[in-house]
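Notes to accompany the following structure.
Since this is a predicted model, take the numbers as computed values, not measurements.
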Amino acid sequence: MMELMHTSRTPLFVLILFALTIFCSAFLLFQIQPMISKYILPWFGGSPAVWTTAMLFFQCLLFAGYVYAHVLTRLSSRRLQSIIHIALIFSGALLAANILPQAQWKPSGEEMPALQVLIILAVSIGTPYFCLATTGPLLQHWFSHTSAAKSVYRLYAISNIGSFAALISFPYLFEPFFNLDQISRWWSLGFYVFFLMCIPLAMGLGQSATPITNKNNRTENSEVQSDITVFTRLGWVFLPALASLIFIATTDQVSHNIAPEPSLWITTLGIYLLTFILTFDHPRWYRPVPTVFFLLIVLCVTTGRDAIPNWLNFEWDYGVSELRIMHYLLLFFVCLLCHGELYRRRPRDIRYLTEFYICMSLGGACGGIFVTLFATYLFNDYYEWPMAILGTVMLCFSVLLRDLTWLQLALRQWCSSSKLVGSVTNKLGVVLFFMVSLSFIVFNSFRENSNAPLDQVVLNLDQSRNFYGTITVQDLKYPEQPELDHRVFLSGQIKHGIQFQSQNLRYQPATYYGPESGVGDTFSYLHRSDKPLHVGLIGLGAGTLANYAREQDRFDYFEINPDAVRVAQTWFDNLAASKAKEMHITLGDARIQFERLHESVKYDVIVLDAFTGGSVPIHLLTQEAFAIYKKHLKHNGFIVINITNAYLNLFPVVKAQTAALGLGYRYKFQDLDEARLVKRNQYFIATEDKLYLKEFKSVHRTIVSDSGQKIVEEDRDRPNIRLWTDQYSSIYQILW
């Protein structure tokens, strides 16, 4: 920014105004992304796909803004440019007064969720966001008509600093102290300030009629560039497309394995922007060969564990912190490579500036379009992740072939004539492409066939993917123990229910729902009476809990994923064989459906068992959500919560909610029992039933020494955990 200020022609305050305006626009642009995404997240079941779809909207509107800037700067009349742009941002200011969507936009459960997200975003923030999206390339074009024109790409770095500052400030400065309504009002005020700053710049303050050159007439912006070819433009599109793809794929990986928590999204987006800041600020920050070297090391560490077959008995495990750090490091180096190569290919001729940004934004939008509109509905798993890795490997090879002198010399020695080097390099690139592609196919088939236990046969029966994640149905056969043959329901990579194939065990609940689990204890206690039970179950899974129903009971399921309903009714017969007098399945987000229940609907038991893969829908664990559960809970009723999670300690979260409601609680830990296919599970049971609280004591995990002696019972409590609300939730205090 200091370089922008050193000029003898353009007044200092004009250069500062350029920098502040572009900083403000970028800050507002990226402040609204986590804010609006978090606001609508509970409307769509807390699915990580909300963020992916929102990113598609933001990237496409950014592309549209860049196209607008490109077309506007082609107008010969500078006065006409000013009139059009001032009119646009004035309309944006009128619509920026209330940006949070109204309650009538909440989905009913029958809409296409991705389309509904796009419509909500377009109606609520479409025009203001479009105005902000035009600012970057447009102000850079106008800046090229000042005496500091040689620093035009520094403005892009400043805009990314503004974006990065917005992402950092939202979870740490705004979210902890203000609710979303207050933040939205501050954002609207900021947009009005941006509008006032834009007016003098749009009117040509400090600008000349033509781009300004330096004394040698060879500035970066005035240099006539003749090497802008079709392949150059394809590079402008491909490199940001690969960076966008790895960014979205990494966000999906982290969200589905941990939790769809906005702070995780902000972290990945922040890393993505940080690489833009570094590469576009100065060439010193990007060195191709060292970047490729570190990238390949991180890639091997991140993906290496999955490539090791079980029969090697090689222990290589890591927890949530290592999992996140490795994904974040991989994202950083891939984006640094892509954006560094993009900067190396930037146009020196100012005439191509807006076209460069159009291609770059098109590439970014292509990543979101591919994941949201194609991969989600064409693939039955998250194949965009290995595809992004494959593209990264190919880019690494191309950079090494270009920059390693010893490799070039080896190629020359290999060829009979140096004139053949180019053709051989091209052929070598094709050969490498097919080699890596073949390795990728073999690698995946190796994992599927060789990583299964030797005494187990796995048959895939069904696999699907939609907005809410992936679902798989498998048959597991045990040739030596046929009584253990069972069908399994997987959400992501997590088993959420099984059904034995033998008639003796067919309707015996297992995995997380066995008779000795917390939910099993609750039903066992309630079954002492012949009183009919009205049970509300959030999360269908494979319908395992329907086996606890009696002839006089009514079970109401609330399930957001239509594929989960299809699988439970097609591949499993827990629902069909249930003894329940009545059974209803309501499709849609459970919290929204609970809000729509008549106040007379009361449940004896509410079972909270909603997961997407290994992630927890946070909006189902907030103070507002528990208030809704309490409203529809009978006197002495039970709220049973499955808090089993490999990465998050949910005990202090639900304990705080229970205390806020004035309920008693019991905690039940059940250890692994492989002989009965019972998985390690944890339940939190909240109730006012004094007899239950007196008879059932909390059961904690026992920590034992290597000699088998008991040491201490595990304490999962975390003091001073802040109560989760719709306005505030943070997973960092509850990571394992």
> Would you say the side chains of Y382 and R465 form a donor-acceptor pair under 3.5 Å?
Replying inline: no
>> So, taking the atom named NZ in K602 and the one named NE2 in H632, what distance separates them when rounded to the nearest 0.5 Å?
In response: 7.0 Å
> Does one side chain, of D530 or Q552, offer a donor that lies under 3.5 Å from an acceptor on the other?
Replying inline: no
> Between S124 and I99, is a side chain to side chain contact (heavy atoms under 4.5 Å, CB included) present by the stated rule, with each step listed?
Replying inline: CA-CA 5 Å; S124 58; I99 58 173; 5.6 Å; no
> How long is the gap from CG on D689 to CG on N636, to the nearest 0.5 Å?
Replying inline: 4.5 Å
>> Assess the residue pair Y548 and D553 against the criterion (side chain to side chain donor-acceptor pair (under 3.5 Å)); give the C-alpha distance rounded to whole Å, side-chain angles, the decisive distance to 0.1 Å, and a yes or no.
In response: CA-CA 9 Å; Y548 285 106; D553 298 337; over 6 Å; no
> Hey, what's the ring geometry for Y692 with F638, parallel, tilted or perpendicular (30° and 60° as the breaks)?
Replying inline: perpendicular
> Are F684 and Y665 near enough that their ring centres are under 6.0 Å apart?
Replying inline: yes
> Between F696 and I685, is any pair of side-chain heavy atoms under 4.5 Å apart?
Replying inline: no
> Do F626 and V654 have side chains that get closer than 4.5 Å, going by heavy atoms?
Replying inline: yes
> Between E695 and R528, is a salt bridge (charged side-chain N to carboxylate O under 4.0 Å, His left out) present by the stated rule, with each step listed?
Replying inline: CA-CA 13 Å; E695 181 174 345; R528 296 176 183 177; 2.4 Å; yes
>> Minimum heavy-atom separation for R596 and P107, please, with both atom names.
In response: NH2-O, 3.3 Å
> Looking just at side-chain N and O atoms, do R591 and T622 make a donor-acceptor pair shorter than 3.5 Å?
Replying inline: yes
> Would you call the rings of F594 and F558 parallel, tilted or perpendicular if under 30° counts as parallel and over 60° as perpendicular?
Replying inline: tilted
>> Just verifying a value: how many Å separate T470 OG1 and N380 CG, rounded to the nearest 0.5 Å?
In response: 8.5 Å
>> So for atom NZ, which belongs to K694, do other residues, nucleotides or ligands contribute more than 12 heavy atoms lying within a distance under 6.0 Å?
In response: no
> Under 3.5 Å, is there a donor-acceptor pair linking the side chains of D556 and H534?
Replying inline: yes
> Does the side chain of T268 pick up a donor-acceptor pair with the side chain of T250 at under 3.5 Å?
Replying inline: no
> Are Y667 and H700 an aromatic pair by the rule of ring centers under 6.0 Å?
Replying inline: yes
>> Is it the case that atom NZ in K634 sees more than 12 heavy atoms from other parts of the structure closer than 6.0 Å?
In response: yes
>> Using the side-chain contact (heavy atoms from CB on, under 4.5 Å) criterion, which residues pair with S524? Sequence neighbours excluded.
In response: none
> Would D717 and K655 pass as an ion pair if we require N to O under 4.0 Å?
Replying inline: yes
> What distance do L121 atom CG and I32 atom CD1 have between them, rounded to the nearest 0.5 Å?
Replying inline: 9.0 Å
>> Which residues pass the side-chain contact (heavy atoms from CB on, under 4.5 Å) test with I721, not counting sequence neighbours?
In response: P652, R718, Q733, I734
>> For T511 and V678: C-alpha separation, side-chain torsions, deciding distance, then whether side chain to side chain contact (heavy atoms under 4.5 Å, CB included) applies.
In response: CA-CA 4 Å; T511 60; V678 170; over 6 Å; no
> Looking only at side chains, do H619 and D589 share a donor and an acceptor under 3.5 Å apart?
Replying inline: yes
> Do S464 and D563 get their side chains close enough for a donor-acceptor pair, meaning under 3.5 Å?
Replying inline: yes
> Are E516 and K668 close enough, and set up right, to give a salt bridge (charged side-chain N to carboxylate O under 4.0 Å, His left out), and what steps lead you there?
Replying inline: CA-CA 9 Å; E516 293 84 20; K668 178 65 181 290; over 6 Å; no
> Would you call the rings of W385 and H327 parallel, tilted or perpendicular if under 30° counts as parallel and over 60° as perpendicular?
Replying inline: tilted
> Atom CD of Q657 and atom CG of L650: how far apart are they, to the nearest 0.5 Å?
Replying inline: 11.5 Å
> Between L663 and K630, is a side chain to side chain contact (heavy atoms under 4.5 Å, CB included) present by the stated rule, with each step listed?
Replying inline: CA-CA 10 Å; L663 299 177; K630 180 69 181 299; 4.2 Å; yes
>> If I compare all heavy atoms of L540 with all of A568, which pair ends up nearest, and what's the gap?
In response: CD2-CB, 3.8 Å
> What's the verdict on salt bridge (charged side-chain N to carboxylate O under 4.0 Å, His left out) for K531 and D604, showing C-alpha distance, side-chain angles and the deciding distance?
Replying inline: CA-CA 10 Å; K531 174 186 174 183; D604 296 283; 3.6 Å; yes
> Which value, rounded to the nearest 0.5 Å, describes the distance between S578 atom OG and R550 atom CZ?
Replying inline: 11.5 Å
>> Name the residue from I618, V50, V117, D726 that meets the side chain to side chain contact (heavy atoms under 4.5 Å, CB included) definition with L41.
In response: V50
>> M55 vs V371, test: side chain to side chain contact (heavy atoms under 4.5 Å, CB included). Steps then yes/no.
In response: CA-CA 10 Å; M55 282 306 303; V371 173; over 6 Å; no
> Between the side chains of N466 and N561, does any donor sit under 3.5 Å from an acceptor?
Replying inline: yes
>> Looking only at the side chains, is there a donor atom on one of D573 and Y507 sitting less than 3.5 Å from an acceptor on the other?
In response: yes
> Is the closest basic N to carboxylate O distance between K679 and E674 below 4.0 Å?
Replying inline: no
